[in-house]
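Accompanying notes for the structure given below.
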Amino acid sequence: MRNRIFLLVMVLAIASLTSAQPRVVTGLTSWKFTRNDDLSASVPGFDDSSWQSVSVPHDWAIYGPFDKEIDKQTVRIVQNNEEQASEKTGRTGALPFTGTGWYRTTFSLPGELSSKQVLITFDGAMSNARVFVNGKEAGSRPYGYSYFWFDISNLVKPGDGNVVAVRLENLPFSSRWYPGAGLYRKVNLIVKDQTSFAHWGHFITTPFVSDETARVNIRSRVQGENLSIRTLIRDAGGNIVAENQCTTRYGDDMIQDIAIKNPRRWSPEIPVLYTAELSLYANGELCDSETVRFGIREIRYSAEKGFELNGQPTKFKGVCLHHDLGPLGAAVNRAALRRQLTILKDLGCNAIRSSHNMPSMEQLELCDEMGFLFLAESFDEWKLPKVENGYNLYFDDWAEKDVENLVRATRNHPCIVMWSAGNEVPDQWGSAGVKRAHWLQEIFHREDPTRPVTVGMDQVKAVMESGFGALLDVPGLNYRTQLYEEAYDKFPQGFVLGSETASTVSSRGVYKFPVVKAAGVTYPDRQCSSYDLEYCNWSNIPEEDFVLQDDKPWVIGEFVWTGFDYLGEPTPYDNYWPSRSSYFGICDLAGLPKDRYYLYRSRWNQSESTLHILPHWNWSGPEGEVTPVFVYTSYPAAELFVNGKSQGMQRKHNGSVLNRYRLMWNEVTYEPGTLKVVAYDEAGKPVAEAAVHTAGKPYRIVLEVDRKTLIADGEDLCYVTAPIVDKEGNPCPLADNTLT
Ligand code: GAL
């Protein structure tokens with residue numbers, strides 16, 4: 001027996017020596033880093049021993065310190081309707097992201113390279129990347145969010161001691177939010193045969209889907225001659241559900257149509273995934289293989305039914321997300337992204353918009369797996385600037401390449417159901433902008449004929465006049481609820497998307513009196529009220545969108561600004577240092593739900609009920625003050641009690657926009673004790689209860705974890721929430737003890 005195993009091992013070893021090695025993908029994670037700028041760092045022999053050792057993904061700026069002077073911008077923000085320029089502190093997070101940074105690492109290659117192709121790939125590098133391999137410049141890429149790669153076969157040598165150096169530079173006045181800095185997304189080295197699949201070479205679509213059969217079309221770009229592809233398609237359980245052999249070639253493309261019997265469709269509710277294992281043979285010998293994950297699903301946009309997923313009219317219950325992960329900064333982290341999506345699932349959210357740039361691969365993979373529709377955006381600027389050193393510097397030379405790479409790198413993700421060519425670009429004004437919109441949309445169509453293109457438009461009157469809005473596949477409106485009807489009427493598409501909505505502002509657990517609905521309110525403590533009635537002069541409270549979503553079948557959904565607070569853009573405190581992160585989030589910067597979470601949850605989460613009371617019940621001022629109480633609930637009616645005394649029954653009704661979605665007791669007088677709410681169903685039966693208690697003195701710290709098992713990979717994370725409670729275990733809403 002022993003001898004037989006030995007023999008088998010020998011045979012396998014010989015087989016692997018004789019046949020070509022399939023591709024090897026290595027993550028380049030260990031780097032040296034410095035903020036000193038010195039071009040000689042590109043030279044292989046350069047001594048980097050004094051540099052810091054870092055692991056990539058890495059964000060050099062998140063370590064701080066915060067500094068008011070960093071990227072201080074004296075600007076008039078046109079899209080915020082500002083009349084005059086003023087000094088904006090914290091607009092980009094007040095973290096040291098501007099200036100240069102260098103990264104260096106070494107890598108080894110096989111001893112024999114003559115038949116190999118070597119690629120280096122970046123999922124994004126912030127920004128103005130210049131990449132040097134063994135002292136020679138391999139290429140550059142200005143846009144920090146773009147995916148890019150270089151063929152470095154001619155720059156490398158066999159064996160050890162290959163050196164890659166990356167110079168990055170972030171200009172001041174280049175962003176409207178915290179962009180992060182450095183190699184904040186993955187860097188990979190790919191070694192494959194010259195005869196192989198081209199990078200990002202596969203495009204998998206499902207042009208026909210029925211209950212019986214799905215047609216899976218796989219277009220693979222290939223390099224080399226006398227090729228054939230063998231394909232195995234597996235379901236999520238690893239079972240082979242289809243096989244195919246293909247030799248047909250059209251230029252550089254090999255195209256297969258494979259039938260899958262009884263296909264299971266991908267949807268946010270049941271995100272079923274398949275994999276295609278593609279093996280490339282030249283003259284019968286294996287030379288490359290890749291596994292591509294995909295989903296079987298149908299999308300359709302029409303005036304009759306709006307957006308349909310697998311034949312079901314579906315509304316986007318979406319949120320916009322910036323790419324930073326709050327206190328973790330911009331370095332991509334799968335566990336942190338998964339936590340965000342877990343929170344958003346509970347919210348009942350079904351869609352994400354990667355505002356205003358290319359998403360990370362990790363986020364797309366998670367959205368495929370966890371079931372979120374995805375609106376993948378590209379730019380916040382085209383040729384005309386919003387900020388002096390923004391994308392306008394690169395648009396002419398790079399926009400086409402950046403869009404190509406966005407689509408080619410991500411088109412196999414079933415979650416992506418729409419592309420966005422831009423957000424509130426100043427090019428909405430004037431005929432040159434109309435041409436740019438057309439040009440960009442055509443690039444998307446050329447690269448991917450299966451998904452429509454939108455632009456988030458805020459200059460709604462202008463785009464109605466110019467034809468800009470009419471030419472887009474999907475007209476996206478940012479705010480401007482008062483113009484939805486007119487846009488629907490004037491635009492030819494027959495539907496409208498709320499590409500960006502609400503921009504309501506609040507601070508978790510902070511309540512301001514008197515309780516009034518108002519735009520642009522500020523307070524000396526630089527907080528916003530959590531009664532969810534404060535917004536910006538261009539935006540609105542959530543309910544003004546709900547009415548459109550509910551009453552207008554031609555509104556195909558909304559993307560709320562934003563799911564989570566983010567670093568930078570501290571509106572309405574963008575000139576009140578030390579404010580430096582946003583107030584827009586449905587959840588705060590730590591990812592904890594604000595009250596607003598429950599307002600959206602009461603509409604969006606259809607599988608679980610919501611019953612949430614605000615404000616807290618720990619007022620220290622004189623008793624007897626009027627303290628309005630709101631209840632966010634999925635139930636139609638509820639009765640409120642203060643220390644057992646009924647405050648009456650409230651029922652949702654159409655009397656006002658607010659009354660339709662919130663239950664409000666505006667005349668409650670505060671007395672310490674218990675605030676209790678009893679919810680009633682449609683039939684008038686009491687069905688659920690919730691209560692808030694006046695807490696005593698802070699007594700104990702509770703530690704709550706979001707997960708109990710971690711993978712020891714140096715990246716996995718557990719979030720520990722630390723509520724402070726009184727002796728009885730009631731949360732102390734005013735405790736602001738410093739925790740160590
Ligand atoms: C929009 C813009 C977003 C953010 C938001 C704040 O106009 O697209 O990036 O600035 O306003 O309300």
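Numbering of ligands and ligand atoms starts at 1, following listing order.
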Do any nitrogen or oxygen atoms of Y566 lie less than 3.5 angstrom from nitrogen or oxygen atoms of ligand 1?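 No, since none of the N or O atoms of Y566 sits under 3.5 Å from an N or O of ligand 1.
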Ignoring hydrogens and angles, tell me if any N or O in the side chain of K594 forms a donor-acceptor pair with the backbone of G585 under 3.5 Å. yes
S602 side chain vs L599 backbone, donor-acceptor pair below 3.5 Å: yes
Please work out whether the ring planes of Y598 and H612 are parallel, tilted or perpendicular, with thresholds of 30° and 60°. parallel
For residues 357-365, please give each side-chain donor-acceptor pair under 3.5 Å, one per line with the distance, not counting sequence neighbours.
| from | atom 1 | to | atom 2 | distance (Å) |
| --- | --- | --- | --- | --- |
| S360 | OG | Q363 | N | 3.1 |
| E365 | OE1 | R334 | NH1 | 3.0 |
| E365 | OE1 | R334 | NH2 | 2.8 |

Closest approach of any protein heavy atom to atom 10 (O) of ligand 1, naming residue and atom: E569 OE2, 2.5 Å
Nearest neighbour in protein (non-hydrogen) for atom 12 (O) of ligand 1: S503 OG, 2.6 Å
The atoms of ligand 1 lying under 4.0 Å from a heavy atom of W561, numbered in the order shown, are 3 (C), 4 (C), 5 (C), 6 (C), 9 (O)
Atom indices of ligand 1 within 4.0 angstrom of H356 heavy atoms, with elements: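 Going through ligand 1 atom by atom, the ones under 4.0 Å from H356 are 3 (C), 8 (O), 9 (O).
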So is T571 touching ligand 1 or not, going by heavy atoms under 4.0 Å? no
Under 4.0 Å, counting heavy atoms only: does F584 come that close to any atom of ligand 1?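 Right, F584 reaches ligand 1.
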Can you check which of E424, H322, E500 brings a heavy atom nearest to atom 7 (O) of ligand 1?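 The option holding the nearest heavy atom is E424.
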Answer yes or no for R601 and W604: cation-pi contact, defined as NZ/CZ to six-membered ring centre under 6.0 Å and angle to ring axis within 45°. no
Which one of D565, D574, D588 satisfies the side-chain hydrogen bond (donor to acceptor under 3.5 Å, both in side chains) criterion with S582? D565
